[in-house]
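Each remark here refers to the structure printed beneath this line.
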Amino acid sequence: MSRNKGQMANRTGRRLNTMGQRPAAALFTHNPPPTASRVSFLDSTLPALTMPDTLRPGLTDQEIQRRESRHALDEAGINPYPSEGWDVTHRADAVLATYDDAQHAPAEGEDGPFRVSLAGRVMSLRSKGKTAFMHVEDATGRIQVYVRRDAVGEELYDALVRKRLDLGDFVGVEGYVFRTNAGEVSVYAQRLALLAKALKPLPIEKEVVDEATGETRVYNEITDKEFRYRQRYADLALHPDVRRVFVQRARLVTTIRRFLDERGYVEVETPALQPLYGGAAARPFTTHHNALDMGLFLRIADELYLKRLIVGGFEGVYEIAKDFRNEGLSRFHNPEFTMLELYVAYKDYVWMMELVEEMIETVCLALHGTTEIPLGEHTVSFARPWARLPLFDALEAKTGHALRGKTREELAAVAQTLGVAVDATMGAGKILDELFGAFVEPTLIQPTFITDYPVELSPLAKRHRSEPGLVERFEAIVGGKEICNSFSELNDPDDQRARFEEQQRLKAAGDDEATGDIDEDFLRALEYGMPPTAGLGIGIDRLTMILTNQASIRDVILFPLLRPEEGG
RNA sequence: GGCUCCGUAGCUCAAUUGGCAGAGCAGCUGACUCUUAAUCAGCGGGUUGUAGGUUCGAUUCCUACCGGAGUCACCA
């Protein structure tokens with residue numbers, strides 16, 4: 001915890017110069033601003049500010065007020081942005097969890113034995129003359145601090161606490177832990193320092209419990225999603241729950257990484273800038289390399305590079321990386337998103353189903369300590385084993401139509417009777433996909449493997465060992481949404497070339513979902529021989545949504561893509 | 001991209017048929033050495049998203065634009 005040992009000795013009292021006899025009005029008098037042409041970084045005698053920043057246009061009254069406070073603190077010899085760190089010995093949650101009245105309560109008129117030094121942001125402040133109470137929040141939570149003028153020093157108290165300490169400021173506090181008359185475990189401050197001033201007011205929430213009705217009213221709660229996404233720093237500062245989601249996300253990734261590492265799979269990095277894009281059906285972002293004067297795509301998938309590595313002799317490789325797809329935005333789609341892809345040699349998709357079950361169960365336990373978690377209005381169980389259901393069986397169960405072996409025209413007719421629109425460009429596989437999306441997928445709340453997809457939807461998957469026209473592929477569906485996609489990888493180079501060529505025909509025919517140009521280098525790799533391989537892709541963002549019960553992908557991405565703030 | 005809804009003080013929201021733009025919290029001044037909605041006495045704070053239009057008069061009605069949310073399309 002303590003990263004700054006040795007700095008404590010010289011901190012005490014160092015912030016305070018004498019305030020002198022300067023009249024109060026002079027606190028706000030600044031030197032005339034130098035003109036821009038006279039400002040030089042080499043001239044250390046110039047004030048850091050080139051204009052009285054309280055006069056900057058566009059400032060609100062509260063921002064002006066805080067800038068005046070900042071200058072007043074400077075004048076009082078209190079650096080609003082000191083360079084030194086603060087020696088933190090305890091976090092708020094540890095103090096609250098450790099404090100014990102029998103052991104730690106201070107004797108009458110004496111210091112308590114439980115000494116702590118902590119730091120955080122001022123989230124509430126109740127100043128009542130020569131004492132003040134504030135709540136300080138660190139990464140773990142809030143703790144109340146009791147500040148007395150006679151305990152922290154009269155000069156500091158008068159210069160900072162009484163007038164110039166604001167909600168949102170960072171402070172360091174050192175003292176002993178006690179319980180107030182009102183019963184709240186608090187820190188009795190004996191040393192207090194401003195660590196950083198907040199010049200903009202954070203809309204800090206204030207919870208009010210109505211004594212009469214018992215209702216809790218919340219003031220100043222930010223509800224504007226735009227504010228929260230654009231100013232994520234403020235959203236995070238205000239909402240521990242939001243921070244928790246991203247901690248959970250980090251834990252999720254760490255758990256997956258450990259799970260895969262323990263099995264001996266090698267984490268690798270493959271190009272994000274690619275001369276050809278492939279491995280999925282999506283429109284790419286394009287960019288350009290100046291020195292090579294070469295057009296490049298941002299990857300839409302890692303797949304074709306990872307399989308090259310299986311050709312090269314790796315028996316298990318994975319990558320957790322950003323993919324980029326130039327498609328629409330929605331609650332489930334961000335243009336850049338994080339994908340896990342895993343390829344394991346000498347395995348097939350049946351084996352991969354078991355790995356997925358075990359991995360997700362492990363992740364769920366790591367995050368929640370249980371396999372039963374809430375998801376929207378449902379409770380979902382990730383306990384193994386999960387249901388397994390061939391695509392055609394699922395379709396038959398939900399639509400009442402046996403569709404196996406039907407021709408494209410027969411499928412189109414069934415779709416019409418079920419009210420699903422079909423147009424001329426849709427092949428048999430696409431129609432099945434539409435029916436699945438309309439009738440099956442939304443109904444699958446508990447984790448379910450849907451297996452064996454039409455070959456035309458899966459140009460990189462191996463043909464099914466016993467079902468003509470299908471491939472050995474599965475998706476796991478949870479809460480009505482796909483969370484992974486996997487297949488026995490196609491390793492027959494001639495079949496792969498034929499599939500690519502079919503995609504080319506579809507593309508020429510106007511299907512812009514079809515994959516891009518044929519990757520001859522990938523085919524060359526397959527020709528050297530790739531062992532039978534099971535492959536897996538998991539959208540980390542969507543998995544995080546499900547495992548943290550978030551309704552929008554923007555709530556699991558720290559900085560989701562938004563239009564620019566200033567119109568344009 | 002289509003459709004629906006939304007945009008007023010730092011935050012959350014009001015504003016009658018189209019008639020002086022308000023409240024709570026936050027903020028400021030003063031008092032107060034165990035408060036927690038601290039309390040008490042005072043006080044300020046607005047280009048109503050932007051640009052036009054209708055009107056004697058627009059937060060309100062109309063048009064366009066900007067931004068966001070939801071949804072559909074798209075995203076194998």
Side-chain angles (χ1 to χ4, degrees), chain A residues 58-66 68-69 124-135 142 144-151 157 162-163 166-168 178-184 186 188 200-211 216-230 234 238 279-283 300-301 323 325-335 337 421 427 429-430 432-434 436-437 453-454 456-461 471 473 475 482 485 487 503 506 511-515 537 539 551-554 560 562-568:
Chain A
L59 290 181
T60 67
D61 56 343
Q62 296 193 43
E63 289 168 332
I64 292 167
Q65 183 60 42
R66 287 181 179 225
E68 288 175 356
S69 287
S124 76
L125 183 58
R126 294 175 295 282
S127 175
K128 50 194 304 297
K130 298 189 182 63
T131 67
F133 290 87
M134 59 187 179
H135 278 95
R142 289 186 188 186
Q144 182 170 259
V145 175
Y146 177 43
V147 187
R148 290 172 62 101
R149 186 168 184 263
D150 55 12
Y157 191 93
R162 194 190 280 276
K163 295 276 294 175
D166 291 305
L167 297 185
F178 75 115
R179 188 182 294 276
T180 64
N181 293 343
E184 180 165 348
S186 308
Y188 187 111
K200 282 177 83 71
L202 268 177
I204 294 173
E205 291 169 23
K206 183 170 175 180
E207 278 193 13
V208 177
V209 181
D210 190 310
E211 297 282 339
T216 300
R217 281 188 300 166
V218 179
Y219 292 100
N220 294 350
E221 181 182 24
I222 287 277
T223 56
D224 180 7
K225 291 236 170 126
E226 183 177 0
F227 179 101
R228 298 178 62 167
Y229 297 146
R230 285 196 195 283
L238 292 166
R283 281 175 292 172
I300 60 170
D323 287 347
R325 297 187 184 177
N326 207 338
E327 308 279 0
L329 289 76
S330 81
R331 196 152 76 81
F332 297 100
H333 301 86
N334 196 59
F337 59 101
K430 180 67 178 167
L432 289 166
D433 197 40
E434 291 289 318
F436 180 76
Y453 286 70
E456 59 199 274
L457 292 177
S458 315
L460 297 163
V471 293
R473 169 180 171 186
E475 294 189 355
E482 167 198 341
N485 185 19
F487 28 88
Q503 291 291 312
L506 291 172
D511 181 355
D512 57 3
E513 290 180 24
T515 58
S552 171
I553 199 167
R554 297 183 194 96
L562 298 175
R563 285 193 165 87
E565 213 165 337
E566 304 302 332

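Chain A is the first sequence line, chain B the second, and so forth, proteins listed ahead of strands; every chain is numbered from 1. Given the structure is predicted, the values throughout are model-derived calculations rather than measurements.
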(request) Have a look at A/Phe178 and say if it touches a base, only the backbone sugar-phosphate, or nothing, with a 4.0 Å heavy-atom cut-off. (result) base
(message) Quick check for you: among B/U36, B/C34, B/C28, whose closest atom lies nearest to any side-chain atom of A/Gln65?
(response) B/C28
(request) Would you indicate what A/Ser458 reaches in the nucleic acid, counting non-hydrogen atoms under 4.0 angstrom: base, sugar-phosphate, or nothing? (result) nothing
(request) Compare the minimum distances between each of B/U12, B/C11, B/U29 and the side chain of A/Pro203, then state the nucleotide with the smallest one. (result) B/C11
(request) Remember a base hit wins even if backbone is also touched, and classify A/Arg230 as base, sugar-phosphate or nothing at under 4.0 Å, heavy atoms. (result) sugar-phosphate
(request) Look at A/Arg331 and B/U71 and indicate whether a side-chain polar atom (N or O) is within less than 4.0 Å of OP1 or OP2. (result) yes
(request) Just jot down the side-chain hydrogen bond (donor to acceptor under 3.5 Å, both in side chains) partners of A/Arg325, sequence neighbours excluded, or say none. (result) none
(request) Give A/Asp433 one of three labels, base, sugar-phosphate or nothing, depending on what nucleic acid heavy atoms sit under 4.0 Å from its own. (result) sugar-phosphate
(message) Any N or O donor-acceptor pair under 3.5 Å from the base of B/U35 to the side chain of A/Gln144?
(response) yes
(request) Mind checking side-chain hydrogen bond (donor to acceptor under 3.5 Å, both in side chains) for A/Ser330 and listing every partner two or more places apart, or none if nothing turns up? (result) A/His333
(message) For a quick check, tell me whether the side chain of A/Arg148 and the base of B/U33 share a donor-acceptor pair closer than 3.5 Å.
(response) yes
(message) Between A/Arg149 and B/C32, is there a contact of a side-chain N or O with OP1 or OP2 at under 4.0 Å?
(response) no
(request) Could you work out which one of B/U36, B/C28, B/C25 sits closest to the side chain of A/Asp166? (result) B/C28
Report all interatomic pairs (protein N or O, nucleotide N or O of nucleotides 3-6 of chain B) with separations under 3.5 Å.
none

(message) From CD of A/Glu205 over to P of B/C13, roughly how many Å is that when rounded to an integer?
(response) 12 Å
(request) To the nearest Å, give me how far apart CG (A/Leu202) and P (B/C25) are. (result) 20 Å
(message) Nearest to the side chain of A/Ala182, heavy atoms from C-beta on, is which of B/G10, B/U33, B/U35?
(response) B/U35
Which pairs, protein N/O on one side and nucleotides 40-47 of chain B N/O on the other, fall under 3.5 Å?
unit_1 : atom_1 : unit_2  : atom_2 : d
B/G44  : N2     : A/Asp61 : OD2    : 2.3

(message) Can you tell me which nucleotide in B/G67, B/C34, B/A76 comes closest to the side chain of A/Thr131?
(response) B/C34
(message) Taking the minimum atom-to-atom distance to the side chain of A/Ala280, which one of B/A26, B/A76, B/U33 wins?
(response) B/A76
(message) Within the 4.0 Å heavy-atom criterion, would you say A/Arg179 contacts the bases, only the backbone, or no part of the nucleic acid?
(response) nothing
(message) Check this one for me: any side-chain N or O of A/Arg563 less than 4.0 Å away from OP1 or OP2 of B/G68?
(response) yes
(request) Tell me whether the OP1 or OP2 atom of B/G27 has a side-chain N or O from A/Lys200 closer than 4.0 Å. (result) no
(message) For a quick check of understanding: with a heavy-atom distance under 4.0 Å over all strands, which category does A/Asn485 fall into, base, sugar-phosphate or nothing?
(response) base
(message) As a test of reading the structure: which of B/G27, B/U33, B/U35 is closest to the side chain of A/Leu167, going by heavy atoms?
(response) B/G27
(request) Treating a pair as Watson-Crick (purine N1 to pyrimidine N3 plus N6-O4 or O6-N4) or G-U wobble (N1-O2 and O6-N3) with both distances under 3.5 Å, list the stems of 3 or more consecutive pairs that involve RNA chain B. (result) B:1-7 with B:66-72, B:10-13 with B:22-25, B:27-31 with B:39-43, B:49-53 with B:61-65
(request) Quote, to the nearest angstrom, the C1' distance that separates B/G44 from B/U29. (result) 10 Å
(message) Between A/Gln62 (side chain only) and A/Lys200 (backbone N and O only), is there a donor and an acceptor less than 3.5 Å apart?
(response) no
(message) Classify A/Phe332 by what it touches in the nucleic acid, base, sugar-phosphate, or nothing, heavy-atom distance under 4.0 Å.
(response) nothing
(request) Output the single nucleotide from B/C11, B/U36, B/G70 whose closest atom is nearest the side chain of A/Ser552. (result) B/G70
(request) Taking atom P in both B/A51 and B/U60, compute the distance separating them and give it to the nearest angstrom. (result) 13 Å
(request) Tell me, please, which residues at least two apart from A/Asp166 pass side-chain hydrogen bond (donor to acceptor under 3.5 Å, both in side chains). (result) A/Lys197
(request) Output the single nucleotide from B/A76, B/A26, B/C34 whose closest atom is nearest the side chain of A/Pro459. (result) B/A76
(message) Need one value for A/Arg554: base, sugar-phosphate or nothing, where a base atom within 4.0 Å counts as base even if backbone is also close, heavy atoms only.
(response) sugar-phosphate
(message) From CD1 of A/Ile204 over to P of B/C25, roughly how many Å is that when rounded to an integer?
(response) 16 Å
(request) Consider the side chain of A/Arg325, meaning its heavy atoms from C-beta on, and name the nucleotide among B/G67, B/A76, B/C34 that approaches it most closely. (result) B/A76
(message) So, under a plain 3.5 Å distance rule, would you say the side chain of A/Thr180 forms a donor-acceptor pair with the base of B/U35?
(response) yes
(message) Base, sugar-phosphate or nothing for A/Ile222? Non-hydrogen atoms, less than 4.0 Å.
(response) sugar-phosphate
